[in-house]
Amino acid sequence: MRRLVGVDTSCDDTGVGIVDAGDGSVLANVVLHQHETHGPFGGVVPERASREHLDRIDDAFARALQESGSTLGDLVGVAATRGPGLVGALLVGLSWAKGLAFARGLPFAAVHHLDGHVASAAVDGIGRALCLIASGGHTLLLIREADGAARPLGASRDDAAGEAFDKVARALGLPFPGGPALARLAQEGDPDAFPFTPPLRGQSGYDFSFSGLKTAVATLLERDPEAPAADVAASFERTVVRSLVGTIARAARDFGLDTVIVAGGVAANVRLREALGTSGLRVVLPPPRLATDNGAMIAMAARARLTGPEPASDLEVDAAPYLPWAARSEATT
Ligand SMILES: Nc1ncnc2c1ncn2[C@@H]1O[C@H](COP(=O)(O)OP(=O)(O)OP(=O)(O)O)[C@@H](O)[C@H]1O
Ligand SMILES: [Mg+2]
C-alpha cells in the first residue's frame, strides 16, 4: 500500500489526513477541533492554538493511521501547510511533518493552504474552470487552468465571507464557531424579512465586500434589538449567497466558462450549495467534511509533487504566516 500523509495546523484545527498515493482517495481525515478552548474568548487565541496542536498532533496521527488501516511502512510521502495562517500554529504541524519525513527518509512537500482548499474538491481532470475559495480568511475568485495554474479575478476588499458569517453570528449571540451556527439558525428564518443592500451592486469587476453588510446587520440589531434572530440570519445568509453566486455567474458568462469549483469552509453552506445547483453551471464542490480545514486536502494538493519522478524535498521551506496567493511559488504548490 502506498499512502500519503497530510498535515494542517494553520489555525485552530489539528488536521491529519491519509490519502491513497495512487488515486488520491481519502482513507482517513482526523480533525481535532479546539472549540472549547477558544469559545469563551469568542475567537482564536493564537498561543493556545499552538500549544493544543503540540499536545494533540501525535494523537491525531495515531488515529489517522488506525482509521485508514495503515502502518508507518505504508507511507511514501508527507505534506504540510506552510502558510498562510498563525505562525506558531503553522510551525507545530510543519516541524512535526518534516520530522516524520526526515526520520522515515520520505519526500516532503510544503503546501500553500489555499491549494489545499482547491484540491479538496478533487479537481484533477476538471479542465479550465472558475474557482471560488471562500473561507474564514479568504474570498478569492480565480480562473484555474487545466494544469493547475491560476489567475486571480477578484477578492474580498474587506472581510472574508466566512469572517462575515462569524462576526454576524457573534452579533446575534451565537456560540463560536459562528458560521455553522448561523446557517442552522437561518433555516428557521425568513430570508425576505430584511432586504439588505447587495454588496458592490453594479460593479463590473469581480471583487467582494462583506463589511458593509456586517455593519448593516449590527445597525439593525442596535435599532431593533427585538428583531427575530432567525430572520436576520436568513436575510444575511441570502445576501451573502446572492453576492457570491451572482458574481460567479457573471464571471462565467464574461469568460465563457461553464464549470465552477467552490472550496473553503463556506462551501459547506447548504444554501450556497443549493443556489449553485440552480445556477446552470457545472459545480464542483468538496464533500462538506473536506470543505473546512483538514489534513487530507493538503496531501491531495501535494500528491503530484510527492509521487512524481522528482519527489518534492521541501525540508528547507519555512512557515509563512503571510503568504498571499500571488506569492505562491511553483516550488510550493
Ligand atoms: N455551513 C457554513 N455556513 C457558512 N459558513 C461556514 C459554514 N461552515 C463553515 N463556515 C465558515 O468557514 C470558515 C472556516 O473555514 P476554513 O476552515 O476553510 O477557514 P479558515 O481556515 O479559518 O481560513 P483560511 O482557510 O482562509 O485560512 C469559518 O469562517 C466558518 O464560519
Ligand atoms: Mg482554511
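One-based numbering, in listed order, for ligands and for the atoms of each.
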- request: Check whether Leu213 and Leu141 end up in the same hydrophobic cluster, where Ile, Leu, Val, Met, Phe, Trp and Tyr are linked by side-chain heavy atoms less than 4.5 Å apart.
  value: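 Yes.
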message: Count I, L, V, M, F, W, Y as connected when their side-chain heavy atoms are under 4.5 Å apart, and connections chain through other members. Are Leu315 and Val7 then in the same cluster?
response: yes
query: Does any N or O in the side chain of Ser95 come within less than 3.5 Å of the main-chain N or O of Val92, such that one atom is a donor and the other an acceptor?
result: no
query: Between the side chain of Arg82 and the main-chain N/O of Asp318, is any donor-acceptor distance below 3.5 Å?
result: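 Yes, Arg82 side chain to Asp318 backbone: donor-acceptor pair under 3.5 Å.
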Which of the listed options, [options], holds the heavy atom that is closest to [atom]?
atom                    : options                       : value
atom 30 (C) of ligand 1 : Asp166, Leu86, Val44          : Asp166
atom 7 (C) of ligand 1  : Ala181, Ala267, Gly265        : Gly265
atom 4 (C) of ligand 1  : Asn269, Val240, Thr292, Val31 : Asn269

Member of Asp190, Asp192, Asp231 meeting the salt bridge (charged side-chain N to carboxylate O under 4.0 Å, His left out) criterion with Arg238: Asp192
Please report whether ligand 1 has a polar contact with [X], defined as an N or O pair separated by less than 3.5 Å (distance criterion only).
X      : value
His138 : yes
Ala183 : no
Pro84  : no

task: Please work out the angle at the Mg ion (ligand 2) defined by atom NE2 of His117 on one side and atom NE2 of His113 on the other, rounded to 10°.
output: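 About 90° at the Mg ion (ligand 2).
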Other residues, nucleotides and ligands only: do more than 12 of their heavy atoms fall within 6.0 Å of [atom1] on [X]?
X      : atom1 : answer
Arg170 : CZ    : no
Arg56  : CZ    : yes
Phe255 : CZ    : yes
Arg273 : CZ    : yes

- prompt: Does ligand 1 have any atom that is closer than 4.0 Å to a heavy atom of Pro180?
  reply: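 Yes; Pro180 lies near enough to ligand 1 that a heavy-atom distance drops under 4.0 Å.
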message: Is His117 close enough to touch ligand 1? Criterion: a residue heavy atom under 4.0 Å from a ligand atom.
response: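 Per 4.0 Å heavy-atom rule, His117 contacts ligand 1.
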Please identify which atoms of ligand 1 are closer than 4.0 Å to at least one heavy atom of [X].
X      : result
Gly137 : 23 (O), 24 (P), 26 (O)
His113 : 21 (O), 24 (P), 25 (O), 27 (O)
Gly162 : 29 (O), 31 (O)

Looking only at protein heavy atoms, identify the closest one to [atom] and say how far it is in Å.
atom                    : answer
atom 13 (C) of ligand 1 : Gly136 N, 3.5 Å
atom 26 (O) of ligand 1 : Ser135 OG, 2.5 Å
atom 21 (O) of ligand 1 : Asp293 OD2, 2.4 Å

Atom nearest to the Mg ion (ligand 2) - Asp293, N, O or S atoms considered: OD1
field: Under 3.5 Å side-chain donor-acceptor pair for Ser25 and Asp20
entry: no
